[in-house]
Amino acid sequence: QVQLVESGGGLVQAGGSLRLSCAASGRTSTTNTMGWFRQAPGKQREFVAAIDWRGITDYADSVKGRFTISRDNRKSSVSLQMSSLKPEDTAIYYCAEKAYFPSTRATDYNYWGQGTQVTVSR
């Protein structure tokens, strides 16, 4: 089992920045991918970004150039630096983990955190 705990959400004005963090514990793998997804009210959960154990990253088109994902393998943690935030970025952000290579499909991820709320005001 892997436990994931997110932190860093909050309320920010449009154009501002936030940094989300996710700490993993339990039976984490050295060859895994950590991902971020988000879900806005009334919408499906969508892929935001992912990074695998080699540092290879993938981003949703809607966040490219604004969000940066990074990980610290020694601390089993992953972060999402979000800049130039827009009201449409408002959502609950979830950290997720899967084995091996990145995927944009939520169903490919085995473990999920509880989520952290990000609200961007106009």
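For this chain, numbers begin at 1 and follow the sequence in order.
Between Y59 and V48 there is no side-chain heavy-atom pair separated by less than 4.5 Å. Counting heavy atoms from C-beta outward, R19 and S70 have side chains that approach closer than 4.5 Å. L20 is not listed as a side-chain neighbour of E6, based on a closest heavy-atom distance of 4.5 Å or more. The shortest distance between side-chain heavy atoms of D108 and F47 does not fall below 4.5 Å. At least one side-chain heavy atom of I69 sits less than 4.5 Å from a side-chain heavy atom of V78. A heavy-atom distance below 4.5 Å is not found between the side chains of I56 and I51. No side-chain heavy atom of D52 sits less than 4.5 Å from a side-chain heavy atom of N32. Contact annotation: the side chain of S17 never approaches that of M82 to less than 4.5 Å [non-hydrogen atoms, C-beta and beyond].
Separating the SG atom in C95 from the CH2 atom in W36 is a distance of 5.0 Å, to the nearest 0.5 Å. Taking CE of M34 as the reference point, atom OG1 of T57 lies at 15.0 Å (rounded to 0.5 Å). The structure places CD of E97 at 11.5 Å from CZ of R27, a figure rounded to the nearest 0.5 Å. Within the model, atoms CG of L4 and OG of S25 stand 7.5 Å from one another, a figure rounded to the nearest 0.5 Å. Taken to the nearest 0.5 Å, the OH atom of Y93 stands 9.0 Å off from the CG atom of L18.
For K86 and D89, the salt-bridge test fails: no basic side-chain N is under 4.0 Å from an acidic carboxylate O.
Put simply, V12 and V63 are part of the same group of oily side chains (I, L, V, M, F, W, Y) that touch within less than 4.5 Å, one to the next.
When all heavy atoms of A99 and N110 are compared, the pair lying nearest together is N-ND2, 4.2 Å. What you find for R122 and A14 is that their closest heavy atoms are CA-CB, 4.4 Å. Taking all atoms of both residues into account, the shortest heavy-atom contact from R38 to E46 is NE-OE2, 2.6 Å. R66 and S84 make their closest contact through NH1-O, 3.0 Å (heavy atoms, listed as atom of the first residue, atom of the second, distance).
Stacking of R45 on the aromatic ring of Y94 is recorded, both the 6.0 Å distance cut-off and the 45° axial limit being met.
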Yes or no on side-chain contact (heavy atoms from CB on, under 4.5 Å) for R71 and S77, after CA distance, side-chain angles and deciding distance? CA-CA 6 Å; R71 64 186 287 166; S77 65; over 6 Å; no
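Partners of Y109 by ring pair (Phe, Tyr, Trp, His ring centres under 6.0 Å), not counting sequence neighbours, listed by chain and number: F37. The ring pair (Phe, Tyr, Trp, His ring centres under 6.0 Å) check on F101 picks up W53, with sequence neighbours excluded.
Few gaps surround CZ on R54; more than 12 heavy atoms of other groups in view lie less than 6.0 Å from it. The number of heavy atoms from other shown groups lying within 6.0 Å of CD (Q1) does not exceed 12.
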Could you tabulate the donor-acceptor pairs under 3.5 Å formed by side-chain atoms of residues 111-118, not counting sequence neighbours?
| from | atom 1 | to | atom 2 | distance (Å) |
| --- | --- | --- | --- | --- |
| T116 | OG1 | G9 | N | 3.2 |
| Q117 | NE2 | A91 | O | 3.4 |
| Q117 | NE2 | T119 | OG1 | 3.3 |

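Using a distance-only test at 3.5 Å, with no hydrogens or angles considered, a donor-acceptor pair links the side chain of T33 to the main chain of Y100.
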